[in-house]
Trainee: 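Take a look at this one; I'll ask things after.
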Amino acid sequence: MGVPVVARAPGKIILSGEHAVVHGSTAVAASIDLCTKVSVSLPSDADGASGLLELRLEDLELVFSWSIERLKEILPVCDTSPSSSSLETLQSAAILVEEQNIPEAKIGLAAGVFAFLCLHTAIRGIKPAVVVVTSDLPLGSGLGSSAAFCVSLSAALLASSGSISLDCNEHGWLSPNSEELELVNRWAFEGEKVIHGKPSGIDNTVSTFGNMIMFQSGKLTQIKSYAPLRMLITNTKVGRNTQALVAGVSERALRYPGAMASVFSAVDSISKELSAIIQSPATNDFSITEKEEKIQELMEMNQGLLQCMGVSHASIETVLRTTLKYQLPSKLTGGGGGGCVLTLLPTLLAGAVIDKVITELEGCQGRMFEGFHGAIAKHLPFRLPFFELSSREICLKFSKNNSAFEEPAVICELVENVGR
Ligand SMILES: Nc1ncnc2c1ncn2[C@@H]1O[C@H](COP(=O)(O)OP(=O)(O)O)[C@@H](O)[C@H]1O
Ligand SMILES: C[C@@](O)(CCOP(=O)(O)O)CC(=O)O
Ligand SMILES: [Mg+2]
């Protein structure tokens, strides 16, 4: 195999505005420390053309492969610019996914495999490669695994086809320049369309550009917090599918256009208020505690409107009731219908209370989020100033002499900080 290129991209949380953002409202999202990594290796001349395109999902111990001959039989030669039409011409790729006989229990992966075939064909053409995917993110839980997958895959494919420059003397992580990031983001959005049907673009945008953003109708504004925010992320472990949830909200909006327009407009105001509060400096008059109370209140209001949209779930309600016993309001994050719930942990909240909440949540049907690299505690205290670090953004790594990759120090450092 030739020189591999690795790209990694982070998952996200949505502090306010999921679903409504698909209908033009403002939303606020932040990237998190959990990433998906994609490595693309091309056959070298010495290997001879291996004649295979291979996708290895390492965490799931699944390997999919297609002969180049079969791909040429089925797939049309398509446009190589990121547009809907270039991926629409690839509908025939569906049969190539069916032929892989994905086990029923993992059928949700079919959408990801389909997006892989579409993006690979559109960006690199019908050529052999070995693509290896690993991820820290739970799939289908509202933390944006689909976007992190599409962003890291698009970046690795673009870099391996020369559309992103790897002009670097040293081995290590590399941040693409802003034009390259735009290109990655556009392709990733096309990939998200394959997985979600009608994405707003917020997930791929925050995964590509990192940090905390306000997003509306395709436009992003970076936002900065004056104070750290700590969030508890609870995974209800109830599986769901974002595409179906997004479609359900659109159907409700068609049935009740007036009522739903008001709901979306209220969410828009909540997101704008939230971003103003996050960005406002804490002074004596407007203390951190007051700011946190407002953020909690706005998140609670947003949750009420998500219930109106029909995307809450009994498991989410259980988490809400449990945290509320400790005066901690929560909201779902991402598509809802199960998945993850966010709870703001105020700065002055005693550690003993956090432990009690976690113990009580663990006793509920769902279980607390787990698997943050082992080193990380069950709750994720994310500090906004950390978002300025490049490890929250999409990065590329490659090795000119094909030597083994090493984890960049900055990530290890961050992981330790987050656990403290
Ligand atoms: N690492 C991955 N490998 C393959 N497919 C993935 C990966 N991550 C996400 N996907 C695809 O995205 C789907 C989950 O996306 P979605 O329902 O939007 O939830 P979320 O984005 O919140 O995790 C998976 O079922 C799968 O099809
Ligand atoms: C529901 C939505 O607002 C966010 C979906 O996030 P996730 O795929 O559930 O992580 C959809 C979108 O904005 O594309
Ligand atoms: Mg998704």
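Numbering of ligands and ligand atoms starts at 1, following listing order.
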Trainee: Taking the side chain as every heavy atom from C-beta outward, state whether F149 and E192 have any pair of such atoms under 4.5 Å apart.
Mentor: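 Not in contact.
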Trainee: Closest heavy-atom contact between F116 and E54?
Mentor: CZ-O, 4.4 Å
Trainee: Once rounded to the nearest 0.5 Å, what's the spacing between atom CG of N302 and atom NE2 of H19?
Mentor: 10.5 Å
Trainee: Does S312 reach the side chain of Q303, with side-chain heavy atoms less than 4.5 Å apart?
Mentor: yes
Trainee: Please give me the minimum heavy-atom distance between H196 and Q243, naming the atom from each residue.
Mentor: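 What the structure gives for the nearest pair is O-CG, 3.3 Å.
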Trainee: Counting both backbone and side chain atoms, is some N or O of T36 under 3.5 Å from an N or O of ligand 1?
Mentor: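 N/O-N/O distance under 3.5 Å: no.
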Trainee: Between V133 and ligand 1, find which residue part has any heavy-atom pair under 4.0 Å and reply side chain, backbone, both or neither.
Mentor: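 Near ligand 1, V133 shows its side chain, while the N, CA, C and O stay back.
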Trainee: Could you check I354 against R230 for side chain to side chain contact (heavy atoms under 4.5 Å, CB included), going step by step and ending with a plain yes or no?
Mentor: CA-CA 11 Å; I354 300 175; R230 284 194 309 163; 3.5 Å; yes
Trainee: Counting only heavy atoms, tell me which of C150, G140, S145 gets closest to atom 19 (O) of ligand 1.
Mentor: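 Looking at heavy atoms only, G140 sits closest to atom 19 (O) of ligand 1.
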Trainee: Mark the output for Q243 as yes if a heavy-atom distance to ligand 1 is under 4.0 Å, and as no if none is.
Mentor: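 Flag not set, Q243 not near ligand 1.
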Trainee: Check contact between G144 and ligand 1, using heavy atoms of the residue and a distance below 4.0 angstrom.
Mentor: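 Per 4.0 Å heavy-atom rule, G144 contacts ligand 1.
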Trainee: With a 4.0 Å heavy-atom cut-off (strictly under), which part of L57 contacts ligand 1: side chain, backbone, both or neither?
Mentor: side chain
Trainee: Return yes if a side-chain donor-acceptor contact under 3.5 Å exists between T242 and R240, otherwise no.
Mentor: yes
Trainee: Would you say G142 and ligand 1 have an N/O pair spaced under 3.5 Å apart?
Mentor: yes
Trainee: Identify, for atom 13 (C) of ligand 1, the protein heavy atom at the shortest distance, and state residue, atom and that distance.
Mentor: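 Looking only at protein heavy atoms, the one closest to atom 13 (C) of ligand 1 is I195 CG2, 4.1 Å.
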Trainee: Polar contacts were defined as any N/O atom of the residue lying under 3.5 Å from an N/O atom of the ligand; does this apply to S146 and ligand 1?
Mentor: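 Between S146 and ligand 1 (N or O atoms, distance only) the closest approach is under 3.5 Å.
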Trainee: Please work out which of G108, A148, G112 has its closest non-hydrogen atom nearest to atom 24 (C) of ligand 1.
Mentor: G108
Trainee: Among side-chain atoms of E317 and Q307, is any donor-acceptor pair under 3.5 angstrom?
Mentor: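 Yes, a side-chain donor-acceptor pair sits under 3.5 Å.
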Trainee: Give me the residue, atom name and distance of the protein heavy atom closest to atom 18 (O) of ligand 1.
Mentor: H196 NE2, 2.5 Å
Trainee: Say whether D203, considering both its backbone and side-chain N or O atoms, lies within less than 3.5 Å of an N or O atom on ligand 1.
Mentor: no
Trainee: Specify side chain, backbone, both or neither for S141, according to which of its non-hydrogen atoms lie closer than 4.0 Å to ligand 1.
Mentor: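 S141 to ligand 1: backbone contact only, side chain stays beyond 4.0 Å.
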Trainee: Taking all non-hydrogen atoms of both residues, which atom of L344 and which atom of L328 are closest, and how far apart?
Mentor: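 Answer, listing the atom of L344 first, then L328: O-CD2, 3.8 Å.
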Trainee: At a 4.0 Å threshold, what atoms of ligand 1 neighbour a non-hydrogen atom of L143?
Mentor: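 Matching atoms, with element in brackets: 22 (O).
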Trainee: Please give me the minimum heavy-atom distance between P128 and L42, naming the atom from each residue.
Mentor: O-CD2, 4.2 Å
Trainee: Looking only at protein heavy atoms, which one is nearest to atom 17 (O) of ligand 1, and how far off is it?
Mentor: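 Nearest neighbour among protein heavy atoms for atom 17 (O) of ligand 1, to 0.1 Å: T242 OG1, 3.1 Å.
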Trainee: Do E61 and K106 meet the salt-bridge criterion of a basic N to acidic O distance under 4.0 Å?
Mentor: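 No, K106 and E61 are not salt-bridged.
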Trainee: Under 4.0 Å from any heavy atom of R240, which atoms of ligand 1 are there?
Mentor: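 Matching atoms, with element in brackets: 17 (O), 19 (O), 22 (O).
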Trainee: Do E190 and K193 meet the salt-bridge criterion of a basic N to acidic O distance under 4.0 Å?
Mentor: yes
Trainee: Anything with a heavy atom under 4.0 Å from ligand 2 counts, so go ahead and list those protein residues by chain and number.
Mentor: K12, I14, E18, H19, V21, V22, G142, L143, G144, H196, P199, S200, I202, D203, R240, T242, V246, G334, G335
Trainee: T347 and E292: side-chain donor and acceptor closer than 3.5 Å?
Mentor: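 Side chains of T347 and E292: pair found under 3.5 Å.
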Trainee: Among all protein heavy atoms, pick the one closest to atom 2 (C) of ligand 1 and tell me residue, atom and distance.
Mentor: F149 CD1, 3.7 Å
Trainee: For the Mg ion (ligand 3), decide whether T242 has an N, O or S atom at a distance under 2.8 Å.
Mentor: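 No.
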Trainee: May I ask you to check whether T26 and D268 show a side-chain donor-acceptor distance below 3.5 Å?
Mentor: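 T26 vs D268: donor-acceptor pair found between side chains.
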